[in-house]
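What follows is a set of notes on a single structure, which appears directly below.
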Number of protein chains: 2
Amino acid sequence: MRDVNPRKARRAVSAETDLKQPSGMAKTPRRVRRPKEVRERVLAAALHAFATVGFEGASTRAIANDAQVTQSLLLYHFKTKDELWRAVLQDIASMEKMEQLLASGDDTMTAAQRLMVAIRALVELFAKVPELHRLMTLEAHQPSERLNWIIENVNRAPYEAMCDLIAEAQAEGAVRKISPERLRFAIVGMAAVPFSVSAEYQFLTKRNPFSKIEIEATIDMICGMIFIQQ
Amino acid sequence: MRDVNPRKARRAVSAETDLKQPSGMAKTPRRVRRPKEVRERVLAAALHAFATVGFEGASTRAIANDAQVTQSLLLYHFKTKDELWRAVLQDIASMEKMEQLLASGDDTMTAAQRLMVAIRALVELFAKVPELHRLMTLEAHQPSERLNWIIENVNRAPYEAMCDLIAEAQAEGAVRKISPERLRFAIVGMAAVPFSVSAEYQFLTKRNPFSKIEIEATIDMICGMIFIQQ
DNA sequence: GTTGAACGTGATCGATTGAACAGTCTAAAT
DNA sequence: ATTTAGACTGTTCAATCGATCACGTTCAAC
């Protein structure tokens with residue numbers, strides 16, 4: 001997973017594949033058992049790997065290595081690579097920021113205010129988990145089993161919530177009259193791209209997209225563009 | 001490359017790996033030689049593969065198969081997988097739409113008008129080659145040799161051209177006063193996302209992002225958002 | 001204490017990977 | 001007609017892939 005040029009690297013590095021105890025010690029291995037922690041570490045490593053080299057490009061061995069775990073143990077906790085993938089996305093779907101997207105603000109606020117809260121949550125979500133949009137980009141360009149699964153289990157609810165919010169805010173006269181669906185993809189694009197191509201962003205602009213200042217500026221820009229100024 | 005669940009597919013499908021002549025014919029093989037065509041077909045298949053399953057996920061055999069070519073021939077034309085990757089991006093960089101990004105419009109036009117032309121070229125580029133932004137998303141999230149190569153050989157010139165154009169148009173008072181760099185990433189996000197997640201777009205909105213109508217609507221939306229209306 | 005399920009390991013499998021190689025064939029230049 | 005550089009082929013290689021397996025170790029329930 002880390003080898004950029006597999007062939008040459010294969011020849012150079014000698015094995016050192018899986019993880020094993022430093023053998024030779026006389027005493028009993030005294031194995032540590034932390035299933036919760038193992039799952040967490042594996043999920044984090046897997047998210048990074050899937051979003052970085054794609055589903056087929058990610059190897060369970062490399063993920064296990066990253067998570068400081070043997071490949072066997074990884075496959076013990078997640079029966080197959082496919083199940084691991086699904087567990088990764090389920091983990092994201094249950095994140096805090098994800099839920100903020102669904103219930104943004106309270107009833108005393110106008111739709112425009114609630115939309116603003118939702119946009120902030122969206123930008124902060126992508127800043128916190130830039131892998132999410134990279135992963136979506138990898139999966140969402142052609143119909144597939146995995147895409148259907150993502151849409152129904154992760155995407156649909158926040159999508160429809162935001163479209164409704166946009167339509168309401170438009171009815172209030174606060175937002176530009178554009179197809180809510182098109183506008184929501186535009187918002188996602190503006191909110192996600194600075195983080196999903198962060199290295200390019202940093203290289204070309206000399207600014208860190210993950211810094212508090214840049215995040216706020218991104219939020220301001222999006223709001224400034226979709227809300228009608230008086 | 002096409003196997004979504006490699007393990008099961010491997011077991012099910014019996015070999016049929018490489019491409020070979022239907023042996024048994026008595027006559028001489030009468031091999032066809034079309035190096036230009038071979039290169040083109042391989043480049044197209046490789047672009048699709050790299051953007052779909054990532055660099056490591058794409059196999060030279062699958063690409064060769066897609067291009068109706070033996071793996072040996074692929075590696076004859078492009079010595080290594082890495083060189084093939086570079087050839088793919090060089091091919092994109094020399095596209096017509098790409099050059100339109102650099103020289104948009106003529107001298108008689110205002111900066112705002114030229115920016116509008118550039119935005120149109122950008123959207124049409126992403127519609128024509130949706131793989132481009134998917135590929136960038138895969139590569140541009142962390143510093144790497146390949147990313148540096150892309151930026152210098154593909155990205156930098158159009159990036160700076162658009163930033164300059166934005167700044168000029170802002171000086172004319174035609175464009176919102178936002179950091180040109182930030183604005184250009186926002187434009188790219190809005191222009192690219194509908195196509196790079198086209199299956200999701202189609203599934204959720206029931207509209208085809210590649211249709212003439214949607215493309216025009218996307219262009220209009222972007223222009224409507226960045227230009228100041230009077 | 002014993003038991004049994006859950007946790008964790010190393011070895012191994014068939015398949016597939018990128019690459020190298022020794023050839024065969026074609027077409028254009030001489 | 002001969003040469004030769006380039007186009008193309010099938011075979012083979014070590015490395016790595018996802019997955020399975022038999023086997024230890026731990027811990028809580030009884």
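In what follows, chains are A, B, ... by sequence order, proteins preceding strands, each numbered from 1. Values below: every heavy atom of this structure, side chains too, minus hydrogens, waters and symmetry copies.
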### Task
Any chance you could lay out the salt bridge (charged side-chain N to carboxylate O under 4.0 Å, His left out) test for E124(B) and R120(B), step after step, and finish with the verdict?
CA-CA 6 Å; E124(B) 288 174 351; R120(B) 169 173 295 274; 3.4 Å; yes
### Task
Apply the test salt bridge (charged side-chain N to carboxylate O under 4.0 Å, His left out) to residues E214(B) and R182(A): give CA-CA distance (whole Å), side-chain angles for both, the deciding distance (0.1 Å), then the verdict.
CA-CA 9 Å; E214(B) 284 292 305; R182(A) 200 191 323 284; 2.7 Å; yes
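With rounding to whole Å, L75(B) atom CG is found 14 Å from dC8(D) atom P. For the pair E37(A) CD and dA6(C) P, the interatomic distance rounds to 21 Å; values are reported in whole Å. Between D82(B) atom CG and dA20(C) atom P the separation is 13 Å, expressed in whole Å. If you take CZ of F78(A) and P of dC7(C), they are 11 Å apart, rounded to a whole angstrom. Summarising the geometry, the separation between CZ on R61(A) and P on dT16(C) is reported as 16 Å, rounded to the nearest angstrom. The distance between atom CG of L74(B) and atom C1' of dG10(D), rounded to the nearest whole Å, is 16 Å. The distance between atom CG of N65(B) and atom P of dT9(D), rounded to the nearest whole Å, is 12 Å. Summarising the geometry, the separation between CZ on R41(B) and P on dA7(D) is reported as 15 Å, rounded to the nearest angstrom.
In this structure, S59(B) reaches the dT17(C) phosphate: one of its side-chain N or O atoms is under 4.0 Å from OP1 or OP2. Of the side-chain N and O atoms in T70(B), one or more sit less than 4.0 angstrom from OP1 or OP2 of dT9(D). Between dG6(D) and H77(B), no contact under 4.0 Å exists linking OP1 or OP2 to a side-chain N or O.
Using modelled atom types, no side-chain atom of R184(B) and backbone atom of C163(B) make a donor-acceptor pair closer than 3.5 Å.
Between the side chain of R33(B) and the base of dC25(C), at least one donor-acceptor pair of N or O atoms lies under 3.5 Å. Contact annotation: side chain of S72(B) to base of dG10(D), donor-acceptor pair present below 3.5 Å.
For P35(A), counting side-chain heavy atoms from C-beta on, the closest listed nucleotide (dA19(C), dC7(C), dG18(D)) is dC7(C). For Y76(A), taking side-chain heavy atoms from C-beta onward, the closest of the listed nucleotides dA19(D), dC7(C), dG10(D) is dC7(C). Here the nucleotide nearest the side chain of L73(B), chosen from dT9(D), dG18(C), dG18(D), is dT9(D). Comparing dG18(D), dT17(C), dC7(C) by their closest approach to the side chain of Q71(A) singles out dG18(D).
Residues K212(A) and E216(A) are paired through a salt bridge, judged by an N-O separation under 4.0 Å between the basic side chain and the carboxylate.
Residue pairs meeting the salt bridge (charged side-chain N to carboxylate O under 4.0 Å, His left out) criterion with at least one partner in residues 147-156 of chain A, sequence neighbours excluded, are E152(A)-R156(A), R156(A)-E160(A).
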